[in-house]
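Reviewing the structure listed below.
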Amino acid sequence: MTIAITGATGQLGRIVIEKLRRRLPADRIVALARSPERAADLGVAARTFDYDRPETLAPALAGIDTLLLISSSEVGRRVPQHEAVIAAAKQAGIGGIVYTSLLRADTTPMSLGTEHRATERAIAASGIPYTLLRNGWYLENYAASVQGALAHGVLIGAAGTGRIAAASRADYADAATAVLLGADHDGKAYELAGDTGFTLADLAAEISRQAGRDIPYRNLAASDYAAALAGAGVPASFAEALAGWDVDASNGALFDGGRQLSKLIGHPTTSLSDGVKALLG
């Protein structure tokens, strides 16, 4: 079996390849990347794979049995990009697709869900066997927030008392590896999230504990939070999206208590304490 990973030079893709290399010979792993020269350090074969150049896709999938489709980082352009990959996978005779989706993609109110739902439908319609990894929030998503809190002495957000069941990229990479190398996953959708939820006030308290000084959480109206992010240099449209996702989190969109992630990977997910420690460097 030969496995190919899209977005191989991205943050998640690199970790997945690292974990796969511990379990598989390097010649059974293929890195797919827009700029394959950036994959030279991964220790596996790399092929040009550009979502926006469909002619590069099917040839790069020649001889591949299973494809890990890591969702594109280009929010707003994901649907045509993913549809091009799915069409190429069908043309190349891929035996299975594993897709990194979003927690409860089929019902989530989050704006991010729209593109994931469309991709899930396209994969199902392709007739290719598939597994959906509906990844929840990444602890690493708070890297900029943590640094901002340290710099300004306060953590800001608009998530209220909403609980967030985040896990680390390494946890989600473990899940991808487990499915890629395991059996009996076809047709399943895994709702993946951290073992325990935390509020942004909890996050602020943990930052305070590890930094050795009091850094409180200040909850803002979504419009005020978006304005603060824009004032810090975040593009206005993205600032509004971030604020909206916080509001969704306040309503439970980023919490799941099913512990499917830790069950799938066979160990507890990364704790808030360890996550903050990593973010503090």
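This is a predicted model, so every value here is computed, not measured.
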Rounded to the nearest 0.5 Å, what's the gap from [atom1] on [X] to [atom2] on [Y]? Could you check?
X    : Y    : atom1 : atom2 : result
R78  : H82  : CZ    : NE2   : 6.0 Å
Y190 : N135 : OH    : CG    : 13.0 Å
L103 : I164 : CG    : CD1   : 12.0 Å

- Task: Indicate if L261 and W137 have the same hydrophobic cluster label, given that clusters are the connected sets of ILVMFWY residues with side-chain heavy-atom separations under 4.5 angstrom.
- Result: no
- same_hphob_cluster(M110, V247) at 4.5 Å side-chain heavy-atom cutoff: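 M110 does not cluster with V247.
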- Query: Stepwise, does the salt bridge (charged side-chain N to carboxylate O under 4.0 Å, His left out) test hold for E206 with R209?
  - Reply: CA-CA 5 Å; E206 186 58 35; R209 187 184 71 80; 2.6 Å; yes
- Task: Using modelled atom types only, decide if a donor and an acceptor are shared between the side chain of Y225 and the backbone of G244 within a distance under 3.5 Å.
- Result: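 Checking the backbone N and O of G244 against the side chain of Y225, no donor-acceptor pair under 3.5 Å is found.
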- Message: Donor-acceptor pair, distance only, cut-off 3.5 Å: does the side chain of S101 make one with the backbone of L132?
- Response: no
Donor-acceptor side-chain pairing of [X] and [Y] below 3.5 angstrom:
X    : Y    : answer
E140 : Q11  : no
H185 : T131 : no
T270 : D171 : yes

- Message: Quick one, D65 with R28, criterion salt bridge (charged side-chain N to carboxylate O under 4.0 Å, His left out). Give me CA distance, side-chain angles, the key distance, then yes/no.
- Response: CA-CA 10 Å; D65 299 296; R28 291 171 60 189; over 6 Å; no
- For a side-chain contact (heavy atoms from CB on, under 4.5 Å) with I3, tell me which candidate from L24, V30, I17 qualifies.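 By the side-chain contact (heavy atoms from CB on, under 4.5 Å) criterion, I3 pairs with just one of L24, V30, I17: L24.
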- Task: Answer yes when R34 and D52 have at least one side-chain N-carboxylate O distance shorter than 4.0 Å, and no when they do not.
- Result: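 So R34 pairs with D52 through a salt bridge.
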- Would a line drawn from the ring center of Y130 to the ring center of Y99 be shorter than 6.0 Å? no
